[in-house]
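Down below is the structure, laid out as structure tokens.
Computed from heavy atoms alone, side chains included, the values below leave out hydrogens, waters and symmetry copies. None of the values given here were measured: they were computed from a predicted structure.
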Amino acid sequence: EEQIFMYPFAGQMHLCDFGANIDQCPGGPNCKGPGGTTFTYPRLYGYDVWSTRIFVRDALKAVFPERADEINAKVDPGEYGLENYWIRVACIFLFM
């Protein structure tokens, strides 16, 4: 059962819970986002912006592979998550 529920979302139960406890980060429960870094408000984006920022970072590394360390240090795609509880509740009811 665990494989069905946990693995498709990188170990997270539901995508709607990304960023649910951002006010307790760092050090609180579930402070790691789908990108593997810690949630912070300035680095929190919607999925469309987050995926575009990851694409740009990966494209730069593909074009300049010798500068991958510098690109990783300077290009931060942030994290994906919702920061409003009521939007999260609306999503749950909408997709039930």
**Report entry** Main-chain N/O of Asp76 paired to Arg53 side chain as donor or acceptor, under 3.5 Å
**Finding:** yes

Query - Any side-chain donor near an acceptor of the partner, Arg43 and Thr38, under 3.5 Å - result: no

Report summary line: In this structure, CG of Asp58 is separated from OG of Ser51 (nearest 0.5 Å) by 11.0 Å

Requested in this report: Using the rule that two of Ile, Leu, Val, Met, Phe, Trp, Tyr join whenever any of their side-chain heavy atoms come within less than 4.5 Å, decide whether Leu44 and Ile54 are in one cluster.
Outcome: yes

Report task. Give the cluster check for Val75 versus Phe64: same hydrophobic cluster or not, with ILVMFWY residues linked at side-chain heavy-atom distances below 4.5 Å. Result -> yes

Report summary line: Separation between SG (Cys31) and CD (Glu79), nearest 0.5 Å, reads 11.0 Å

Query raised in the report: Where do Phe39 and Tyr80 come nearest, in terms of heavy atoms and distance?
Result: CE2-O, 3.4 Å

Report task. Examine Val56 and Trp50 and state if one hydrophobic cluster contains both, with Ile, Leu, Val, Met, Phe, Trp and Tyr joined whenever side-chain heavy atoms are less than 4.5 Å apart. Result -> no

